[in-house]
Novice: 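Below is one structure. I have some questions about it.
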Amino acid sequence: MSDPFSWDDSGEPDFSSPPVPREGGIAARARAAAAGAPRYLDALNPEQREAVETLDGPVLVLAGAGTGKTRVLTTRIAHIVATGRARPHQILAVTFTNKAAREMKERVGVMAGPGAEGTPWLGTFHAISTKILRRHAELVGLKSGFTILDTDDQIRLIKQILQAENIDDKRWPARQFAILMDGWKNRGLEPERVPAGEAEAFANGKGRKLYGFYQERLKILNAADFGDLLLECVRLFRENPDILADYQKRFRYILVDEYQDTNVVQYLWLRLLAQSTPESPQHNICCVGDDDQSVYGWRGAEVENILRFDKDFPGAKVIRLERNYRSTGHILAAASHLITHNDGRLGKTLFTDGEDGEKPGVCSVWDSEEEARVIGEDIEQLQRQGKSLDEIAILVRASFQMREFEERFITLGLPYRVIGGPRFYERMEIRDAMAYLRCVAQPADDLAFERIFNTPKRGLGDATLKILHDNARLARIPLMQSARMLSETEDLKPQQRQTIRALIADFDRWSAQLGSMPHHELAEVILEESGYTDMWQKDRSADAAGRLENLKELIRSMEEFPDLAAFLEHISLVMDTESGDSDEKVSIMTLHGAKGLEFETVYLPGWEEGLFPHQRSLDEQGRAGLEEERRLAYVGITRAKERARIYFATNRRIRGLWQTTIPSRFVDELPADHVEVIESNSGNYGGYTVSRFNSTDTFGSSYTTPGWKRAQSYRDNPSSAASGARAAPKVIEGELVAKSSGGSNFQKGSRVFHIKFGMGNVAAVDGNKLTVDFDKAGRKMVLESFVETK
DNA sequence: GATGGGCAAGTTTTT
DNA sequence: CTTGCCCATC
């Protein structure tokens, strides 16, 4: 048998691979030994191979950027299975993101071949915790069907509690308390264990009490927030040693991805599961991570977890992966040298056998506008060389930086995609639609009911809600039922009563259809009949069309699930849609969002003190903050395979004010031998461009005076410098790909719709370029291919 | 109960 | 310069 991944043993009821001759684990192992090293190991370098083959005892794999971390993890899983050490369902493999989990699952699946058992315990910390909690929900005061609240639900719940406690939520914002509580949960602290000082700090000493109330409310609602998923799981393990022992026995091998990003609860969770048991006397835990890529300290990640791994797990074997397969020599050298400025590293030296390649470029520009223009031109040049736009990314420190690039790219007609924005499932319309579905599937879901009971507007407000609430609390029934009760009495005004009665009738009808209609069709019916789709169709604002698109996408994605319940479970934990468009586009995203990705060409704008490293990071975290920012810079550079360009502007508009900035200290920390200073060729107007490499005098100049601003605006747009409004984006002659030579399809005065700017009137037509007065966004110059007639 | 104007605040983000 | 939230008004 050539496939090392078919094994036998049909002892598991859920095991559905085709019948194969029964063999014992020992035989399988013997066969693997006889066959010599399996093929899948051939593709590994010696260090990777060691990381895969060291199966006994704790292992820490320090995997530098681009060193084949995922390959090691997936091959290791395959290897454990192939050698008969454990079967897939005895392996626990945790990741942080659904994306990472999905990728790993796919790759393991490919290695294992068709028909092999899946890996049921490969998933995110949260997904696996949920799975465990659902089995033992009663032990932590929940019922198995508990709902998972997202941040939005969480805030609304907190608001209710603050109100009930008569706390001024102006002085003590719910959002702030949510963050505080999240921090406690991340640190594994239940209400009674929050340090007194911290607990007192909120709402004049009421912090702990509020946290307690909140947890009580969650239990009553049969709900858990994201933090609870981990925290309650840890509590479950602590309070029920027999259950813990069961899982310890089950999970013979534990693998952890991105270990440098684990927080305290996740660490506790892992430590409990990895404890020695008679069946498994060794800690067969393998953590993979890179201390140099720890950039989530601000949300509770503890780099210390990875730094003290060998103390937590004595006798741990540490394996370093330092051979980089991604970047060229100069890029690697630049990143490596930069990161040596950090203290407290475990230390790795990345190297590559590849070419030296192009040196990373460093380029000084006048302001953020020029930055966008220069980068745009650079990309167009790459495009002319036939490079794929999919292999180009702009990585920013803060999302406000994205706007300028978007505007520039729209003008240039350069396709781009913004990655990161509000996630699909966080969008208002998706959450509203989900709330309707939740109300049908889980009639006791009060938060869902509250969300949609007056969406679309049907004349029900706070006053009515309060009556429903009071009645619900009195009778100890869910809101939906309370509404039903009140629709039959005289407690409400006739108008409201009528509306509620109709709403209840709707829900009854939909619930009845639940069994007789495919759930995605039902969803469509619900959105239609509730008037929800109508609401957006009538909406004339810029993003209404997009929202309707999203709703369609939601319904489409439902088809992939067997029923509504399965869909809801999935969506509460995952729901990131891969936007199906396959057109080539430049990616714009934050440095955080870029972690784990790679591109041929990477642009790194905004390397200025205050922005990067970010001032707030320095103020709040001091040296640790600076080091985290530096790791972020390291992550940024190491995303590049062939080309990296760093930019810093002399002037940047922050909160509407122009400020003179100084270049980031990280620029000077780059190794001079491995970077190249680039002149911004287009920005050299009258010698205004200041390259700090030519002239260090960028300090203390009064570049924000009105005169300078005028000069700058004139420079960009000599013809219209006098126009008071925001200068129209400059169009570079002859650079635009002219299309439809036979004149424009648009005329002056046409009413048009633009995906970003909304509705507007065409003010002027110039070939395929339109000047449009948008209702909301003002005058913009856009390409005609970006608008449609309405 | 809806709607619009005024005011404060404004890294990074997954689940 | 934006955006989002709260409050006062119709």
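For the numbers below, each heavy atom of this structure counts, side chains included, while hydrogens, waters and symmetry mates do not.
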Novice: Is the shortest side-chain N to carboxylate O distance from A:Asp462 to A:Lys466 below 4.0 Å?
Specialist: no

Novice: C:dC5 and B:dT12: how far apart are their P atoms, nearest whole angstrom?
Specialist: 16 Å

Novice: May I ask you to decide if the ring planes of A:Phe202 and A:Phe177 are parallel, tilted or perpendicular, using 30° and 60° as cut-offs?
Specialist: tilted

Novice: Below 3.5 Å, does any donor atom in the side chain of A:Arg397 face an acceptor in the base of B:dT12, or the other way round?
Specialist: yes

Novice: Could you state the atom-to-atom distance from CD of A:Glu608 to P of B:dT11 in whole Å?
Specialist: 16 Å

Novice: Would you say CD of A:Gln163 has more than 12 non-hydrogen atoms from neighbouring residues, nucleotides or ligands within 6.0 angstrom?
Specialist: no

Novice: Nearest-Å distance, CG (A:Leu591) to C1' (B:dT12)?
Specialist: 9 Å

Novice: Looking at every strand, decide which applies to A:Asp225 at a 4.0 Å heavy-atom threshold: base, sugar-phosphate, or nothing.
Specialist: nothing

Novice: Does B:dT11 adopt a syn or an anti glycosidic conformation, taking syn as a chi angle within 90° of 0?
Specialist: syn

Novice: Would you say whether A:Phe96 stacks on B:dT14? The test is a distance between ring centres of less than 5.5 Å and an angle between planes of less than 30°.
Specialist: no

Novice: What nucleic acid atoms does A:Glu629 come within less than 4.0 Å of, heavy atoms only: base, sugar-phosphate, or nothing?
Specialist: base

Novice: When the nearest nucleotide of DNA chain B is assigned to A:Met402 and to A:Leu465 on a heavy-atom basis, which residue is associated with the more 5' position?
Specialist: A:Leu465

Novice: When we call it a touch if two heavy atoms are under 4.0 Å apart, what does A:Asn454 touch: a base, just sugar-phosphate, or nothing?
Specialist: sugar-phosphate

Novice: Any donor-acceptor pair under 3.5 Å linking the side chain of A:Arg639 with the backbone of A:Leu597?
Specialist: yes

Novice: Please work out if A:Ser617 contacts a base, only the sugar-phosphate, or nothing of the nucleic acid, heavy-atom cut-off 4.0 Å.
Specialist: base

Novice: State whether the side chain of A:Thr661 and the backbone N or O of A:Ala649 hold a donor-acceptor pair below 3.5 Å, judged by distance alone.
Specialist: yes

Novice: At under 4.0 Å between heavy atoms, which parts of nucleotides 1-6 of chain C does protein reach? Answer with one letter per nucleotide, 5' to 3': B base, S sugar-phosphate only, - none.
Specialist: B---SS

Novice: With the six-membered base ring of B:dT11 as reference, does the ring of A:His614 sit under 5.5 Å away with planes under 30° apart?
Specialist: yes

Novice: Given side chain to side chain contact (heavy atoms under 4.5 Å, CB included), test A:Phe567 with A:Met434 step by step and report yes or no.
Specialist: CA-CA 10 Å; A:Phe567 174 70; A:Met434 293 289 302; 4.0 Å; yes

Novice: Please confirm whether the backbone N or O of A:Val635 pairs with a side-chain atom of A:Lys595, one donor and one acceptor, at under 3.5 Å?
Specialist: no

Novice: Taking only N and O in the side chain of A:Thr151, is any of them less than 4.0 Å away from OP1 or OP2 of B:dT15?
Specialist: no

